[in-house]
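Accompanying notes for the structure given below.
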Amino acid sequence: MAEAKPMSAPPGATGVLVLASGDVVWGRGFGAEGQAVGEVCFHTAMTGYQEIMTDPSFAGQIINFTFPHIGNVGANPDDVEADEPHALGMIVREDVTEPSNFRSNEHLDAWMKKHARIGLAGIDTRALTRRIRTGGAPNGVIAHSASGEFDIPLLLQMAREWPGLEGMDLAIAVTTETHYGWEGGVWRLGFGYEDTGFSTSLEANGEEESATQPPFVSSEVEKRPHIVAIDYGSKHNIFRNLVKAGARVTVLPATATFEQAMSFAPDGFFLSNGPGDPAATAEYAVPVIRAMLDSGKPVFGICLGHQLMALAVGAETSKMFQGHRGANHPVKRLSDGAVEITSMNHGFAVLGETLPANARETHVSLFDGSNAGFELTDRPAFAVQYHPEASPGPQDSLYLFERFVGMMG
C-alpha cells in the first residue's frame, strides 16, 4: 500500500470532517487543533451548548448542532455539567462570533482551546442532519489544522477502524475515581449556585480521606434522606435537584459493589446517566442493581441508569438508528395523559415490549413511541429515559425528584 500523502484543503478551509463512508466535508476549524474519532450525531437544542459539551453522556461523540448560532453567548464557569468537556468536538453552521451575554466571561473558541476540543464551522449542518436521519449516526473524524494540511487517507482509516459505540463500556472512563459527598444547590439568577451549608468532607472534620469511610455530615444535614448515587457519567444538575428536593447525596464510582454502597447506610439508590452501550456496562452494574432492588429501598434511574435498571429486571436494550438528542422531545405520561417537554440524549433504548410483568410502562416518546419510563409494581423503583434536571419544560419533570425523595420518607 502506498504511503498516504497530506492533502491540501480548499482555500480558506482549516477543518474537515471525514466519515467512514468516504465522505469528506470541509469547513473552518476553531478551538483546539488536532483530530478526534467518534460517532457523529445531531442535537436540536437552541441553547445550552456548554451543558451539552460537558455532559459525560456524550463521551465518544461529535456533536452536529442543528441550531446555526452556536457560541454567540460565550462561555462561563457555571453552565457546565462536569469538570471538563466529554463530547469530542462540535460542528456548527456559522462562525463563532464575539459573545453577547452579560453572563459570559470567555469566548467559546478560547474555551474550546483550553479544554482541547475541536470545532468545525461553515458546515451545512442541515444536510449533515438529513444524512444522519436517513443513514444513521456514522463514525467519523473531526480535524483542525491552521495550515490546512490533512492526511485524508489516514483520517478515513481512523474512521473506518473505530469500532463504534455498540458493545463499548464508556462509563468506566468517565466515572468518579472515589466517593464524595455532594454539596451544592441549584443555580439562581443573581445568586449563582446555592450554598446549602453542607459539610460533607472528611477533611472538613479534621480527618483523613478514606475510600470506605462515609463523608462527615452535620447534624442538620444528617436528618435528610440519604441517597447513594452510582456515577456512570453523571450530570451535576441531577445532584443539585436531589438536594433541592430535600436529600443529601453521596456519589460512588460505577464499579462500586452493593456492600460498599450499603456501608454508607443509604435510604435509597440513584442510578445516573452516562455514555456507551448499556449492555456492556451491565456486566458489572446489573448484579449490583439487582441487589439494590432486592433490598427494598427506593431506586431511581435516569438515562443510562434507566437502561441498566431495565436490564436488571430482564428487559432488553438496542442501538437506535439515529438516537434522541435535543431539548424539545415530547413525552406522554401514561398515568394521566399529560405531555412533558423533555431533554434527551441517548443512542440506545429500552425495548418496551420486553419489560417483565412486574414492570409497568409509565412514559413513551411521542416522536417514535419508544419507551421513556417504567416503574416496578412490586418494589419502590422507577426510571426515565430523559433528563428531568435539564428543565426544558422548564419544570415539567421536576416532580420526579420530589417523588423519589418522598419515597424515602
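Predicted, not measured: the structure shown is a model, and the values here were computed from it.
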Could you pull out every donor-acceptor pair under 3.5 Å between side chains of residues 14-22 and any protein atom, sequence neighbours left out?
from	atom 1	to	atom 2	distance (Å)
T14	OG1	G29	N	2.9
S21	OG	D23	N	3.4
S21	OG	D23	OD2	2.9
S21	OG	R131	NH2	3.3

Using only atom types and a distance under 3.5 Å, with no angle test, would you say the side chain of [X] pairs donor to acceptor with the backbone of [Y]?
X: S272; Y: I230; result: yes
X: T257; Y: Q260; result: yes
X: R360; Y: A357; result: no

Answer whether the closest heavy-atom distance between the side chains of [X] and [Y] falls below 4.5 Å.
X: Q322; Y: T134; result: no
X: T250; Y: Y180; result: no
X: D231; Y: L252; result: no
X: V25; Y: I123; result: yes
X: I227; Y: F404; result: yes
X: R248; Y: F239; result: no
X: M309; Y: V286; result: no
X: R333; Y: T362; result: no

Give me the atom names and distance for the closest heavy-atom approach of [X] to [Y].
X: A285; Y: Y232; value: CB-OH, 3.8 Å
X: P266; Y: A261; value: CD-O, 3.5 Å
X: V174; Y: P275; value: CG2-CD, 3.7 Å
X: V405; Y: A245; value: CG1-O, 3.5 Å
X: A159; Y: V37; value: CA-CG2, 4.1 Å
X: W162; Y: G38; value: CZ3-C, 3.6 Å

TODO: Applying side chain to side chain contact (heavy atoms under 4.5 Å, CB included), run through W187 and D78 and close with a yes or a no.
DONE: CA-CA 8 Å; W187 186 90; D78 287 346; 3.2 Å; yes

Open item on the list: As a quick check of understanding, evaluate ring pair (Phe, Tyr, Trp, His ring centres under 6.0 Å) for F367 and H329, giving each step before the final call.
Closed with: CA-CA 7 Å; F367 278 162; H329 285 248; 4.9 Å; yes

Does atom [atom1] of [X] have more than 12 heavy-atom neighbours from other groups under 6.0 Å away?
X: K332; atom1: NZ; result: no
X: E177; atom1: CD; result: no
X: R133; atom1: CZ; result: no

What's the spacing between [X] [atom1] and [Y] [atom2] if we round to 0.5 Å?
X: N237; Y: H387; atom1: CG; atom2: NE2; value: 11.5 Å
X: T281; Y: L170; atom1: OG1; atom2: CG; value: 7.5 Å
X: N241; Y: L398; atom1: CG; atom2: CG; value: 5.5 Å
X: M112; Y: Y49; atom1: CE; atom2: OH; value: 10.5 Å
X: S100; Y: N72; atom1: OG; atom2: CG; value: 7.5 Å
X: R325; Y: C41; atom1: CZ; atom2: SG; value: 4.0 Å

Task: Cationic tip of R224 above W182 ring, under 6.0 Å, 45° of axis - done: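 Ring-cation test returns no.
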
Open item on the list: Check R188 with E194, please: is the shortest side-chain N to carboxylate O separation under 4.0 Å?
Closed with: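 Salt bridge between E194 and R188, a charged N being under 4.0 Å from a carboxylate O: no.
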
TODO: Identify whether the distance between the nearest side-chain nitrogen and carboxylate oxygen of K235 and E389 falls below 4.0 Å.
DONE: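 Looking at E389 together with K235, the answer is yes, because their closest N to O distance falls below 4.0 Å.
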
ring-ring contact (aromatic ring centres under 6.0 Å, His included): pairs with one or both residues in [range], sequence neighbours excluded:
range: residues 114-136; value: W111-H115
range: residues 269-296; value: F270-F300
range: residues 72-93; value: none

Task: Ring centre gap for F374 and H363 strictly below 6.0 Å - done: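 Ring centroids of F374 and H363 are no less than 6.0 Å from each other.
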
Return each pair, listed once, that meets salt bridge (charged side-chain N to carboxylate O under 4.0 Å, His left out) where at least one residue sits in [range]; pairs must be two or more places apart or across chains.
range: residues 269-279; value: none
range: residues 158-175; value: none
range: residues 286-305; value: D294-R379
range: residues 250-271; value: none

Check whether the side chains of [X] and [Y] place a donor and an acceptor atom closer than 3.5 Å, and report yes or no.
X: N328; Y: T44; result: yes
X: D378; Y: N358; result: yes
X: Y399; Y: E340; result: yes
X: N371; Y: E361; result: yes

Open item on the list: My understanding is that only residues two or more places apart in sequence, or in another chain, count here; which of them pass side chain to side chain contact (heavy atoms under 4.5 Å, CB included) with P388?
Closed with: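 Scan of P388 (side chain to side chain contact (heavy atoms under 4.5 Å, CB included), adjacent residues dropped) gives I302, V384, Y386, S397, L400, F401.
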
Open item on the list: Restricting to side chain to side chain contact (heavy atoms under 4.5 Å, CB included), what partner residues turn up for R403, sequence neighbours left out?
Closed with: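 Side chain to side chain contact (heavy atoms under 4.5 Å, CB included) list for R403, sorted by chain: E375, F382, M407.
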
What pairs of donor and acceptor atoms, side-chain ones from residues 91-98 against any protein atom, are under 3.5 angstrom apart with sequence neighbours left out?
from	atom 1	to	atom 2	distance (Å)
D95	OD1	R28	NE	2.9
D95	OD1	R28	NH2	3.4
D95	OD2	R28	NE	3.3

For residues 54-66, which side-chain N or O atoms pair as donor and acceptor with protein atoms under 3.5 Å away, sequence neighbours left out?
from	atom 1	to	atom 2	distance (Å)
T54	OG1	Q50	O	2.7
T54	OG1	E51	O	3.3
T54	OG1	E81	N	2.8
D55	OD1	S57	N	2.9
D55	OD1	S57	OG	3.2
D55	OD1	N273	ND2	3.4
D55	OD2	N345	ND2	3.2
S57	OG	N273	ND2	2.9
S57	OG	G274	N	3.4
Q61	NE2	E39	OE1	3.1
N64	ND2	T125	O	3.4
N64	ND2	T129	OG1	3.0
T66	OG1	H43	O	3.2

